[in-house]
Amino acid sequence: MGLGECLIGVEEKELALAVLDRRQPFRYYGVGGGAAPGMAATLEREFARAVGTRFALGVTSGTAALEVALGALGIGPGDEVIVPVWSWISCFTAVVRLGARPVLAEIDETLGLDPREIARLTTSRTRAMMVVHYQGVASDLDAIMAAAKAAGIRVIEDCAESAGATYRGRPVGSIGDIAIFSFQARKIITAGEGGIVATNDARLYERAVRMSDLGQYRAFHEQLQPAAGEAFAGGNFRMSELTAAVALAQFRRLPSIVAHLRSLRARLLEKIGALEDMAWRRIPHPEGDLGFETYLYLPDAARLAAFRTALAAAGVNATQHTGTYCHYARAYCRNGRAHSPAASPFAEFPEWPAPGYREEDFPRTRALIERMIAIPLGVLYGNDDVDYVGDAIVRAWSACREHASQRAVAMAAR
Ligand SMILES: Cc1ncc(COP(=O)(O)O)c(C=O)c1O
């Protein structure tokens with residue numbers, strides 16, 4: 001079960017029932033539709049204040065938020081967007097849906113985009129890059145922002161997995177040009193589905209609203225920021241009041257969720273201590289980490305398999321992928337298709353998969369993910385659970401090492 005999902009309770013029910021009691025499930029329609037203070041408007045106001053952006057906009061999902069953010073930036077056919085090769089499906093598919101080409105970048109030991117990739121991959125077509133704050137940890141933002149600035153490209157912060165995380169004291173989502181969040185199942189807070197687009201840029205805000213609401217810019221938004229741009233053909237990604245009600249109740253829980261996770265994580269690290277031959281995920285700014293997933297790199301894939309088996313035998317939940325895979329391994333990348341052949345941004349490559357979209361093009365990413373393991377912490381965990389997990393990790397690792405050294409002795413004796 002997801003983090004926020006475990007906590008759905010009285011507050012979520014109260015706000016959702018308030019929407020139903022008012023018979024006002026639409027943000028803009030129905031009796032009194034659009035009248036302040038609606039749930040979506042309240043969520044946006046509170047979210048923007050907490051994230052530290054001038055604007056926040058509720059939409060139907062994190063994927064919709066990515067498409068809205070790309071559209072707000074004016075990304076379209078002929079453009080390229082740099083995306084970490086190891087990231088969620090929609091980081092790639094949202095770019096394709098807009099008719100632009102995702103260009104895949106290696107990740108580094110932070111499990112976020114390697115900042116050195118930005119200069120290497122930027123071409124005259126590159127308009128933007130996506131920085132994905134993977135599972136509660138802000139990417140290396142100083143280096144990434146500096147490289148993006150030098151390359152002259154815009155930065156989309158994908159904070160779907162990291163609401164509440166900070167980087168050098170600044171909330172993620174407030175540092176790039178535009179940011180997205182998600183309320184999907186495996187996120188810190190949830191609302192069934194739903195997402196947020198956040199930005200400080202008034203022009204991007206207006207375009208994001210138009211992109212999410214059929215090109216329109218209604219009075220509510222006009223009051224916040226007078227329109228300066230033109231209508232264009234947008235989609236309908238408007239957040240419903242019911243979604244907003246649940247998201248708002250969950251969002252108000254975020255500070256306590258983050259505090260609890262951070263205290264569990266500190267306890268786990270203390271319990272485990274240093275593990276010989278094992279490396280930790282590099283966290284650029286440890287104080288800002290949410291701590292709900294602890295990543296370890298083992299020396300090689302064989303010891304990773306043995307360690308996982310030992311943890312599973314002790315009943316400890318330890319996964320390798322947490323739903324993320326390299327894009328080159330996914331069907332939509334392997335075939336390079338869009339919804340229609342002419343819409344594929346890969347059509348001009350003479351062969352497919354072209355260089356840059358094949359497994360062998362990402363040796364550094366592969367070397368990391370083949371040796372990595374994730375130890376999740378639940379929001380309902382207490383200190384005893386963490387102590388159990390910590391002890392199991394230490395025991396499992398020492399058993400693996402002992403086993404490996406016995407095998408080495410046996411091999412040498414042959
Ligand atoms: C990094 C990342 N970006 C985008 C999304 C898309 O969000 P959603 O599932 O709400 O469409 C997700 C989650 O699924 C995600 O993990």
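Atoms considered below: every heavy atom in the structure, side chains included; atoms not considered: hydrogens, waters and symmetry mates. Starting from 1, each residue takes its place in the sequence as its number. Indexing begins at 1, ligand by ligand and atom by atom, following the structure's order.
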Results of side chain to side chain donor-acceptor pair (under 3.5 Å) for Asp177 - residues two or more places apart only: Arg154
Side-chain contact test, heavy atoms from C-beta onward, threshold under 4.5 Å: evaluate it for Glu193 versus Thr243 and give yes or no.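 Glu193 does not reach Thr243 side chain to side chain.
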Is the shortest heavy-atom distance from the side chain of Arg358 to the side chain of Tyr328 under 4.5 Å?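 The answer is no; the side chains never approach within 4.5 Å.
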Distance dump, ligand 1 polar atoms to protein, N/O, under 3.5 Å:
from     : atom 1 : to     : atom 2 : distance (Å)
ligand 1 : 3 (N)  : Asp158 : OD1    : 3.2
ligand 1 : 3 (N)  : Asp158 : OD2    : 2.6
ligand 1 : 7 (O)  : Ser182 : OG     : 3.4
ligand 1 : 10 (O) : Gly62  : N      : 2.7
ligand 1 : 10 (O) : Ser182 : OG     : 2.7
ligand 1 : 11 (O) : Gly62  : N      : 3.4
ligand 1 : 11 (O) : Thr63  : N      : 2.8
ligand 1 : 11 (O) : Thr63  : OG1    : 2.5
ligand 1 : 14 (O) : Trp88  : NE1    : 3.1
ligand 1 : 14 (O) : Gln184 : OE1    : 3.3
ligand 1 : 14 (O) : Lys187 : NZ     : 3.1
ligand 1 : 16 (O) : Glu161 : OE2    : 2.5
ligand 1 : 16 (O) : Lys187 : NZ     : 3.4

For atom CD of Glu270, decide whether the heavy atoms of other residues, nucleotides or ligands shown that lie under 6.0 angstrom number more than 12. no
Could you walk me through whether His285 and Thr166 pass the side chain to side chain donor-acceptor pair (under 3.5 Å) test, one step at a time? CA-CA 8 Å; His285 179 68; Thr166 57; 4.8 Å; no
I want to know whether Tyr295 and Tyr134 have ring centres closer than 6.0 Å.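 That pair passes the under 6.0 Å test.
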